[in-house]
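These figures come from a predicted structure and were not determined experimentally.
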Amino acid sequence: MGFLNLENTQGITNRHVRIIGDSPVDIWGLGGRTRLTRMLEGMEGVTVVTDEAPAPPGTVVVCLRGDYLYHGRLLRAVLELDDDFALYERNSGAVIAVRTGVYDAGIFEAGHEAEWPRRIEPDDLVNPYDNRLKKYEPARAWQIRADNRDELEQELFSSSYKGVTDLVTKWVWPVPARWATKVCARLGIRPNHVTGFSVVLAVLAGAAFWYGHFATGLALGWFMTFLDTVDGKLARVTLTSSRFGDLLDHSLDLVHPPLWYIAWGVGAGAGSLPLALMPLAAVMLAGYIGGRLCEGAFQLWIAEFSIFLWRPADSLNRLITARRNPNLIVLTAGLLAGQPAAALVTVIAWHVLSTLFLAARLATAWKVKSERGPLEPWLATVNLPAAGGAANCNRLALKIFT
């Protein structure tokens, strides 16, 4: 059986879902039944039913165990299936989801096996590659118990992380971000509150750079980038994301970096440094905008995934390409060395080089697509023997991204 296409839920229609049971403990402040209900409420064509009345004719009934933590992609795959089935947990063999024509409160008890014409496991349904989060991650379901609460919270937190990202987000922020997310969840702080505070910090950091207070600006800037990680993780683990918050977060990420660099140039030029850096602002903007245009052109005209996902070299490039966090490393190193002007020149040069590299990759991808057909992200073929599997992948990239 092939994997389902899970990029949207348009294939889900007339599903009546009954959640049976609940978890004995909360995961990130939500019980199993509550979490499942929130996940299902965001899916078009799904109705969560709380009574035991017969479902209307033509309606598909799916029963889910409320004491399990379901990966979102697995849940969507289960609801998109077109025939009756019983979903088994991979390790224990327990039945965790059933599609059936008749509701029965004891559906998960022993003695119903004969009623299930199709027995499936999570790996039968979902491709381990997640295009939305740019990562290789098998979709699973885990029973929620008091003795595995910490493990499941860690699992849920880790699954909220993008796989292909910059080196700071990937290796520096995860541990402190988990603790900050836990504090926010327990205090009832919402993701939009964190994002709003990030906006304030971004403005204050830019003002500090403008007036030459580089150390203060960097402290504010690094804290802002940390919160930029926390707000997204908080939204995903507590299922409290909103369109406004998502728009605000992405708009902030897009706008503030070049303004920071321009402000840094003003601060460096206004001090005792002899170098006038402002004429380089146009070069920096050209590099910044050019890189973003290359990324957008790839997804608009060549493939539906990010340019950083095409080949292992592209994913490795994403770790250090001229984005905010790698650039902040350069600016911090320059300030510590007493050379803020030289640090900014380095950032501008890195923008130009990064954009030239992306432009070359864009041209190469266009040529390959023209000659060989549609492109695939390399992570989507890691476990496919017919495609050569992991044998054809860069070992360093495999170690880092899988």
Side-chain angles (χ1 to χ4, degrees), residues 1-11 71-74 76-77 80 82 122-139 161-167 169-170 250 254 286-323 326 350-402:
M1 177 176 57
F3 296 126
L4 294 173
N5 181 358
L6 301 176
E7 295 307 313
N8 56 61
T9 57
Q10 293 178 355
H71 195 288
R73 293 192 301 138
L74 175 61
R76 290 193 295 272
E80 287 190 347
D82 293 327
D123 286 342
D124 297 326
L125 296 180
V126 185
N127 191 323
Y129 170 69
D130 185 347
N131 185 46
R132 184 175 63 89
L133 289 178
K134 305 178 179 66
K135 67 197 300 184
Y136 177 91
E137 180 183 59
Y161 251 90
K162 288 183 179 179
V164 177
T165 185
D166 66 85
L167 73 171
T169 302
K170 191 166 188 65
H250 283 84
L254 186 65
Y288 180 81
I289 296 173
R292 293 290 187 169
L293 289 177
C294 287
E295 296 175 38
F298 183 91
Q299 288 191 264
L300 181 63
W301 293 318
I302 297 180
E304 295 182 353
F305 54 87
S306 168
I307 192 173
F308 297 112
L309 301 176
W310 180 31
R311 297 283 174 81
D314 300 306
S315 296
L316 292 171
N317 175 50
R318 179 64 180 87
L319 294 170
I320 59 172
T321 196
R323 289 286 189 89
W350 188 233
H351 265 292
V352 173
L353 292 174
S354 293
T355 297
L356 291 175
F357 180 81
L358 288 177
R361 297 300 293 160
L362 182 65
T364 302
W366 182 275
K367 183 174 184 295
V368 171
K369 181 182 179 181
S370 300
E371 296 175 352
R372 306 179 191 175
L375 308 182
E376 280 190 290
W378 72 277
L379 284 169
T381 63
V382 166
N383 68 333
L384 300 180
N392 290 336
C393 294
N394 181 291
R395 290 185 177 181
L396 177 61
L398 280 172
K399 184 176 181 180
I400 292 174
F401 299 111
T402 65

*Asks:* Using side chain to side chain contact (heavy atoms under 4.5 Å, CB included) as the criterion, point out the one residue from L309, D314, V164 that pairs with P377.
*Replies:*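 Single side chain to side chain contact (heavy atoms under 4.5 Å, CB included) partner of P377 among L309, D314, V164: L309.
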*Asks:* Can you tell me how far CG of L398 sits from CG of L379, rounded to the nearest 0.5 angstrom?
*Replies:* 8.0 Å
*Asks:* Hey, could you give me each pair passing ring pair (Phe, Tyr, Trp, His ring centres under 6.0 Å) that has a residue in residues 292-317? Not counting sequence neighbours.
*Replies:* F298-F305
*Asks:* Nearest 0.5 Å, please: how far is CZ in R311 from OG1 in T364?
*Replies:* 9.0 Å
*Asks:* Taking R73 for the side chain and Y129 for the main chain, is one N or O donor matched with an acceptor at less than 3.5 Å?
*Replies:*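 Pair found, side chain donor or acceptor close to backbone of Y129.
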*Asks:* List in chain and number order the residues that pass side chain to side chain contact (heavy atoms under 4.5 Å, CB included) with K170, two or more places apart in sequence or in another chain; answer none if no residue qualifies.
*Replies:* T165, L319, I400, F401
*Asks:* Hey, what do you get for CG (L356) to CZ (R361), rounding to the nearest 0.5 Å?
*Replies:*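 Between atom CG of L356 and atom CZ of R361 there are 14.5 Å.
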*Asks:* What is the distance from atom OG1 of T321 to atom CG of L353, rounded to the nearest 0.5 Å?
*Replies:* 10.0 Å
*Asks:* Do you know which two heavy atoms are closest between P122 and A139, and how far apart they sit?
*Replies:* CB-O, 3.5 Å
*Asks:* To the nearest 0.5 angstrom, please state how far the CD atom of E304 sits from the CD atom of E376.
*Replies:*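 Separation between the atoms: 12.0 Å.
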*Asks:* Tell me whether E371 is salt-bridged to K367, with the criterion being a basic N under 4.0 Å from an acidic carboxylate O.
*Replies:* yes
*Asks:* Quick check: closest heavy atoms across T355 and G287, and the distance to 0.1 Å?
*Replies:*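 Residues T355 and G287, closest heavy atoms: OG1-O, 2.5 Å.
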*Asks:* Could you report the tightest heavy-atom contact between W378 and S315, atom names first, then the distance?
*Replies:* NE1-OG, 2.9 Å
*Asks:* Once rounded to the nearest 0.5 Å, what's the spacing between atom CG of L316 and atom CG of L167?
*Replies:* 12.0 Å
*Asks:* List the steps and the verdict of side chain to side chain contact (heavy atoms under 4.5 Å, CB included) for L254 and Y288.
*Replies:* CA-CA 10 Å; L254 186 65; Y288 180 81; 4.1 Å; yes
*Asks:* Could you work out, with side-chain hydrogen bond (donor to acceptor under 3.5 Å, both in side chains) as the rule, every residue matching Q299, not counting sequence neighbours?
*Replies:* none
*Asks:* Can you name the nearest heavy-atom pair linking G291 to L358, along with the distance?
*Replies:* O-CD1, 3.8 Å
*Asks:* Heavy atoms only: give me the nearest L125-A77 pair and the separation to one decimal.
*Replies:* CB-CB, 4.0 Å
